[in-house]
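Residues: numbered from 1 along the sequence shown.
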Amino acid sequence: MRFKKRRASIPQPILWLVLLTSLLLSGCVQYDVGVNFGNSNSGELVQHIKLEERLTSFSGDYVYEWLNSIERRARKLEGKAKRVSKEELIVTIPFSNGQELQAKFNEFFNSRANQQAEAVQSESESELPKIESNLLLEQNNFLLLVRNRLIYDLDLRSLALIASKGNVLADAGSILNLKFSLTTPWGAKNIQIPENAETAIEPAKNGNQLVWQLKTGELNHIEAVFWLPSPLGIGSLLIILFIWGGLYLRYTFMPDPRIQFAPKAAATE
């Protein structure tokens with residue numbers, strides 16, 4: 001009983017270290033992150049995490065605690081989690097606008113903030129790989145359409161070689177399969193900027209979806225532009241058309257109210 005109680009209270013930094021070590025020894029982890037837009041005021045942040053069964057057999061308690069922590073963070077952001085199996089998890093976090101997406105995404109993936117939130121700190125924290133993640137979404141409204149520019153920077157250089165106490169364990173690129181996808185109603189266009197050429201990634205296109213294969217051990221830069229319909233602009237236009245149509249029908253197919261309701265002339269003598 002004492003052993004279980006002690007293990008349950010292990011701070012997140014140590015848990016991450018054990019998790020990464022077990023990954024190197026036992027198998028692969030697939031982590032897909034997707035941003036799906038319906039329109040400028042509706043969308044979902046979807047995460048699909050799938051672990052090798054050998055991983056859970058090696059250190060199942062720590063792995064399950066990691067998945068449970070993901071579920072808790074998702075619910076904190078008004079999201080929901082679906083446990084497909086013990087080793088597979090699908091998390092969905094809704095957002096209603098670009099600012100909300102940016103805030104929720106950065107809060108969820110800000111590893112430093114999560115580590116600082118832990119009440120207990122340990123010496124092992126200095127050995128953990130530091131991962132910097134930042135998403136920016138710029139939106140410009142053009143009445144009926146909204147132009148969106150998504151910029152995502154993910155620093156995975158600390159995962160080039162995962163080591164413990166100076167001893168290299170393995171190349172994380174052969175173990176971690178990380179993907180980022182963007183799905184929009186009309187598709188998106190990948191942007192290549194010369195000054196970011198070294199860190200930019202060329203995506204694969206699948207219909208209206210762009211998929212970037214993230215590179216461990218490198219600084220990943222993603223930039224894309226896409227257009228979305230504006231419900232507010234479309235609604236305003238429909239109201240204007242409705243009013244204009246009513247006036248047109250009234251004065252075209254019905255008598256002029258100025259004549260219809262004019263006072264009748266006095267009877268002639």
With Ser133 via side-chain contact (heavy atoms from CB on, under 4.5 Å) - residues at least two apart: Phe105, Phe109, Tyr152, Leu154

Result of checking Asn106, Asp153, Ile151 against Leu136 for side chain to side chain contact (heavy atoms under 4.5 Å, CB included): Ile151

Note: Arg83-Glu71 ion pair, threshold 4.0 Å (strictly below): yes

Glu198, CD: over 12 other non-hydrogen atoms inside 6.0 angstrom: no

Listed partners of Leu143 passing side-chain contact (heavy atoms from CB on, under 4.5 Å), at least two apart: none

Qualifying residue, where the test is side chain to side chain contact (heavy atoms under 4.5 Å, CB included) with Lys80 and the options are Val91, Thr92, Ile90: Thr92

Heavy-atom donor-acceptor pair, Asn220 side chain to Glu218 backbone, under 3.5 Å: yes

Side chains of Gln139 and Asn148, donor plus acceptor under 3.5 Å: yes

Exceeds 12 heavy-atom contacts within 6.0 angstrom, atom CZ of Phe142: yes

Partner set under salt bridge (Lys or Arg N to Asp or Glu O under 4.0 Å) for Glu100, not counting sequence neighbours: Lys104

Residues in salt bridge (Lys or Arg N to Asp or Glu O under 4.0 Å) contact with Asp155, at least two apart in sequence or another chain: Arg157

Partner residues of Ala200 under the side-chain contact (heavy atoms from CB on, under 4.5 Å) criterion, sequence neighbours left out: Gln192

Set of side-chain contact (heavy atoms from CB on, under 4.5 Å) partners for Pro94, sequence neighbours left out: none

Parallel, tilted or perpendicular: rings of Phe37 and Phe95 (30°, 60°): perpendicular

